[in-house]
Amino acid sequence: MRPHIWRQYSFELPDDWEMLQFTRDPVVGRCAFADRRQFRLEVNWRAVQGTPDFDRMLTDYQSRLEEDGFERVQRIEHRRWLGVSGQEERRLTTRYGRYVGENQTVLEVVFLWPKNRDPVLERRILDSFAFQPAVDDLVRWRAFGLDLSVSEPHDLWKVEALPTSTTMKFTAQKGYREQRFGRFAMVEEWLVGTPGQWLRTWLPRGYRTERQTRHIRDSHEIFSLSGLRYPPTLRDAFKGRRRIKASAWICPHDKRLYSLLLVSTGRVVDLESRIGLRCCEHVEVNP
Amino acid sequence: MSTNPGNTDGPWLALLSSRPVRNASARVMAHKDDRVAVYVRQKRPGYMRVPPLSWIVPFKRERRALLDRVGTRLWRMCDGERTVLELVDSIRGHYGLTFHESRAAVTGYLKLLTERGVIAIATQEES
């Protein structure tokens with residue numbers, strides 16, 4: 001089983017279930033996971049005002065499924081999860097919902113079973129769901145092979161999940177401050193030079209590199225750089241001049257290139273330098 | 001609660017059983033770094049045969065597609081026998097990708113090669 005954390009919901013799924021669809025919206029959103037053959041799981045969330053009337057929701061939902069032609073519609077439950085199962089033609093779906101008090105959200109999990117329902121796997125997945133609060137102002141995300149900690153005021157702005165590269169970008173103050181994380185595959189096919197040289201091309205425009213270093217940690221050769229916004233803009237004059245810190249390295253275990261970048265101002269740059277990206281066990285790199 | 005999830009079968013399944021095959025009429029030249037250049041014959045469109053356009057615009061009988069190493073590797077495997085799924089698994093094993101990473105990369109590349117006439121994809125009709 002592999003751990004995932006998306007929008008502070010953590011859960012564990014079989015190793016071959018991959019996230020293929022996602023939304024960034026914290027208020028209403030969904031993620032969908034698939035194995036090699038088909039979609040297997042959907043996670044939906046919706047912010048609500050107060051505890052919802054689950055009994056009424058399920059009754060409404062049950063009758064809607066029956067109207068849609070689902071057969072053998074019945075109530076199911078597991079610990080704090082309440083749900084409904086139903087069969088349409090030969091396809092069985094089980095869906096569970098639960099109120100998450102920590103962030104006042106209704107969380108729904110939909111299992112799409114290819115043949116027979118696997119109650120043991122279903123319970124294992126449901127039991128793994130938890131809300132992950134921020135620890136020391138850092139919020140953890142685990143998706144697309146990225147395992148990262150981002151500063152709490154930063155919100156997910158953009159995800160680029162391409163076949164062999166993933167970039168997650170978080171911003172604060174309308175993009176003035178930024179934290180970016182990347183993971184890239186098939187490095188031997190496209191990387192020319194060192195990760196340190198590549199890192200310069202990954203920086204946003206308008207920054208002058210002041211210092212570049214290289215060190216080795218647990219057989220990971222980590223290239224880091226720091227710099228300043230140049231030339232400073234009018235916003236820099238009011239909000240503080242932006243500094244940049246970034247690192248890149250190739251993990252010797254999975255041979256992928258990892259990178260992280262921090263754009264912040266003088267006042268909070270040290271605080272935000274606690275953000276981190278983990279490529280394998282025991283190795284967390286800060287910018 | 002959300003509405004019906006719809007058809008659960010992955011939309012990618014149909015393509016995975018098809019068998020890509022190299023363009024037999026294309027000319028191939030080995031290139032450095034274990035790459036190949038594929039020269040695909042082109043038909044002259046009707047409007048290009050009419051003067052004065054045919055005098056002004058030069059027509060190339062062949063269009064060159066220079067494949068990178070991944071493309072060359074894929075192109076070599078397009079023998080009409082292997083399915084796209086086999087190609088996906090091969091690339092996945094070689095580069096340490098996940099299944100869907102490899103699937104998206106391979107199918108994207110095959111689409112590009114098909115558009116350029118380097119390969120054709122034979123699909124199997126459902127009985």
Side-chain angles (χ1 to χ4, degrees), chain A residues 15-20 28 30 32-46 54 57-58 60-62 64-65 68-70 83-84 86 88-89 91-93 95-97 106 108 110-114 144-145 161-166 185-190 253-256, chain B residues 1-18 31-36 66-77 83-114 124 126:
Chain A
D15 291 346
D16 63 336
W17 292 17
E18 296 177 51
M19 190 195 281
L20 295 191
V28 185
R30 86 184 261 279
F33 296 82
D35 64 9
R36 287 169 71 105
R37 285 195 62 82
Q38 65 163 82
F39 283 99
R40 298 296 308 268
L41 183 92
E42 265 186 40
V43 179
N44 303 293
W45 60 88
R46 182 163 51 89
F54 254 104
M57 275 170 67
L58 286 173
D60 291 348
Y61 189 63
Q62 223 172 330
R64 234 169 62 206
L65 284 184
D68 288 347
F70 274 74
V84 174
E88 189 189 31
E89 292 169 4
R91 182 162 46 90
L92 175 71
T93 58
R95 23 189 101 217
Y96 291 87
V106 172
E108 183 201 26
V110 184
F111 293 89
L112 311 160
W113 299 106
F144 303 111
L162 301 173
T164 54
S165 74
T166 307
M186 299 169 79
V187 175
E188 67 269 35
E189 297 297 339
W190 58 267
H253 302 290
D254 66 4
K255 311 272 188 288
R256 297 201 186 213
Chain B
M1 294 243 175
S2 72
T3 51
N4 287 338
N7 187 7
T8 57
D9 285 345
W12 57 86
L13 276 185
L15 182 63
L16 293 185
S17 58
S18 55
H31 211 264
K32 61 179 179 181
D33 301 333
D34 201 23
R35 298 157 73 195
V36 294
L66 178 60
L67 308 185
D68 61 13
R69 285 202 308 180
V70 184
T72 304
R73 191 183 175 85
L74 270 179
W75 176 82
R76 287 199 175 120
M77 285 192 285
T83 61
V84 175
L85 179 63
E86 286 169 339
L87 266 58
V88 168
D89 279 334
S90 170
I91 293 291
R92 174 179 169 243
H94 189 261
Y95 291 105
L97 306 175
T98 66
F99 172 75
H100 286 287
E101 278 178 330
S102 176
R103 176 188 61 75
V106 168
T107 53
Y109 214 110
L110 291 180
K111 188 173 170 242
L112 197 74
L113 295 182
T114 311
Q124 210 169 14
E126 282 179 32

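Letters A, B, ... are given to chains in the order of the sequence lines, protein chains preceding strands, and every chain is numbered from 1.
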For the NE2 atom of B/His94 and the CD atom of A/Glu189, what is their distance to the nearest 0.5 Å? 7.5 Å

Looking at A/Pro163, is its backbone amide N or carbonyl O close enough to the side chain of B/His100 to form a donor-acceptor pair, meaning the two atoms are under 3.5 Å apart? no

Any non-hydrogen side-chain atom of B/Tyr95 less than 4.5 Å from a side-chain atom of A/Lys255? no

Chain A-proximal positions within residues 101-109 of chain B [heavy-atom distance under 4.5 Å]: B/Glu101, B/Arg103, B/Ala104, B/Ala105

Counting only heavy atoms closer than 4.5 Å, note whether A/Asp35 contacts chain B via side chain, backbone, both or neither. backbone

Taking atom CZ of A/Arg256 and atom CG of B/Leu97, what is their separation to the nearest 0.5 Å? 5.5 Å

Across all chains, not counting sequence neighbours, the salt bridge (Lys or Arg N to Asp or Glu O under 4.0 Å) partners of A/Arg36 are B/Asp89

Where is the tightest heavy-atom contact between B/Trp12 and A/Gln38, given as atom of each residue plus distance? CZ2-N, 3.7 Å

With a 4.5 angstrom heavy-atom cut-off, could you sort out which part of B/Leu13 is near chain A: side chain, backbone, both or neither? side chain

Per-residue contact mode, A/Leu20 against chain B (heavy atom under 4.5 angstrom): side chain

Can you name the closest pair of heavy atoms from B/Thr98 and A/Glu18 and give their distance? OG1-OE1, 2.7 Å

